[in-house]
Number of protein chains: 2
Amino acid sequence: MGRNSRKLDILEAASKIVTDRGIFNLTLEAVAEEAGISKGGLLYHFPSKEALVQGMVEHLAGNYREKISKNAKEDAEEKGKWTRSFLDVTFNQSYQNKDMNAGLLAAKAVNSDLLEPIREAYKQWQHNIENDGLDPVKATIIRLAIDGMWLSELFDIYQIEKEKKEEVYRTLMAWTEE
Amino acid sequence: MGRNSRKLDILEAASKIVTDRGIFNLTLEAVAEEAGISKGGLLYHFPSKEALVQGMVEHLAGNYREKISKNAKEDAEEKGKWTRSFLDVTFNQSYQNKDMNAGLLAAKAVNSDLLEPIREAYKQWQHNIENDGLDPVKATIIRLAIDGMWLSELFDIYQIEKEKKEEVYRTLMAWTEE
DNA sequence: ATTACTATACTATTTGGACGGTTTTGTTTC
DNA sequence: GAAACAAAACCGTCCAAATAGTATAGTAAT
């Protein structure tokens, strides 16, 4: 798998550091060490810290987008497919995805402008969800609820019990099929 | 003239810096200057940066708690009062409250343990909401949706149009009255 | 005397990033 | 196929700037 995964190695290392040690420990040296590369080598791939964080965001936004659009396309039922896809991917995949959380936190801390790719993605999803054959307000609520779930966990504000989480998920999913 | 609001001035200054300039610019010097106090004076009140952030969190958590419990007590209808109060306070008051956002971001960045007062508050609210005379799952969804709304804005991920926000709010509110 | 500061100077450490050099890999020419 | 060269990938050191926190001497009001 060689050479092309070098950049990915670095991005993963950066995510790991943010997740495990917090934003203030995301230093070039720490990332280099975690990725098994020298500081110079790191700066070769990402010429500045901002570029590194930008890389993180672009990577996670791309991944997330792909998953959601693929999932929607595979849905047999037309009505509600975007809402379902968003719900499913967010709950079952991105949820535990450290990259997402780390990238968000890093971008917010370093430079809010770097969040643009994510904003762009969300804008599109919101549009799709509102034109999904469902009641737009209810669809939006579904979206907000699942976002509330992962954002509150990302923030360590609270975490509902697994049981209740599953129940919420099933209920929201059922709403997309009404 | 016990200018006892000195500590509050400092906390407000800190919030303003985080909101306007981001977490990395929350330095002791910057806070002192923004608060119109010397660095020594700042350290007199908050002996370390961590203590300052702790102060921020405690202050916002206290405020938030008070508002919600006051609001719930004033509700004429018993059923759903906690859910309504949470919804109302979050949407109409804490929402634009920069203190909340700044405190959260600062605590998450500096030391996640500092979020404990908020976690404690949320734990209680979740308990109240689940025993509010409403369907617990639906009540939880209401809570999650409104959290999704302010957290996604706090994060600058997306912002729905005002119109739609109001609609969502009204719909959620109606659900607490069913 | 105590509380609540101001003002300045200082230390010790960290950090982003520049820089110059080296190794690896790939391509062309003989 | 080997030599010659070029480009990409990478290393390790150096440095100026910034920062948390300490120290200290002094002020003003209660």
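Hydrogens, waters and symmetry mates play no part in the numbers below; they use all other heavy atoms, side chains included. Chain identifiers are assigned alphabetically (A, B, ...) following the order of the sequence lines, protein sequences preceding nucleic acid strands; residue numbering begins at 1 within each chain.
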When you compare the side chain of B:I68 with that of B:W82, does any pair of heavy atoms fall below 4.5 Å? yes
Would A:K7 count as a cation-pi partner of A:F46, with NZ or CZ less than 6.0 Å from the six-membered ring centre and within 45° of the ring normal? yes
Under the 6.0 Å and 45° cation-pi test, does B:R6 pair with B:Y44? no
Among the nucleotides D:dG21, C:dA4, D:dC10, which one has an atom lying closest to any side-chain atom of B:K39? D:dG21
Closest nucleotide among D:dC10, C:dA18, D:dG21 to the A:L43 side chain: C:dA18
Please state whether the rings of A:F91 and A:Y169 are parallel, tilted or perpendicular, taking 30° and 60° as the class boundaries. parallel
At a heavy-atom distance below 4.0 Å, what parts of residues 17-34 of chain B sit against DNA chain C? none
Please give me every residue in residues 47-59 of chain A whose heavy atoms get under 4.0 Å of an atom in DNA chain C, ordered by residue number. A:S48, A:K49
For the pair made of [atom1] in [X] and [atom2] in [N], what is the distance, rounded to whole Å?
X: A:R6; N: D:dC11; atom1: CZ; atom2: C1'; value: 12 Å
X: A:K7; N: D:dC10; atom1: NZ; atom2: C1'; value: 14 Å
X: A:I37; N: D:dA8; atom1: CD1; atom2: P; value: 16 Å

Can you tell whether the side chains of [X] and [Y] come within less than 4.0 Å, N to carboxylate O?
X: A:R119; Y: A:E116; answer: yes
X: A:R84; Y: A:D88; answer: no
X: B:E178; Y: B:K138; answer: yes
X: A:K164; Y: B:E130; answer: yes

Given the rule in the side chain to side chain contact (heavy atoms under 4.5 Å, CB included) test, do A:D147 and B:I157 qualify, once you have shown the distances and angles that lead to the verdict? CA-CA 11 Å; A:D147 277 348; B:I157 296 179; over 6 Å; no
Need one value for A:L42: base, sugar-phosphate or nothing, where a base atom within 4.0 Å counts as base even if backbone is also close, heavy atoms only. nothing
I want to check one thing: is the phosphate of D:dC10, taken as OP1 and OP2, less than 4.0 Å away from some side-chain N or O of A:Y44? no
Taking only side-chain N and O atoms of B:H45, does any of them lie within less than 4.0 angstrom of OP1 or OP2 on C:dA4? no
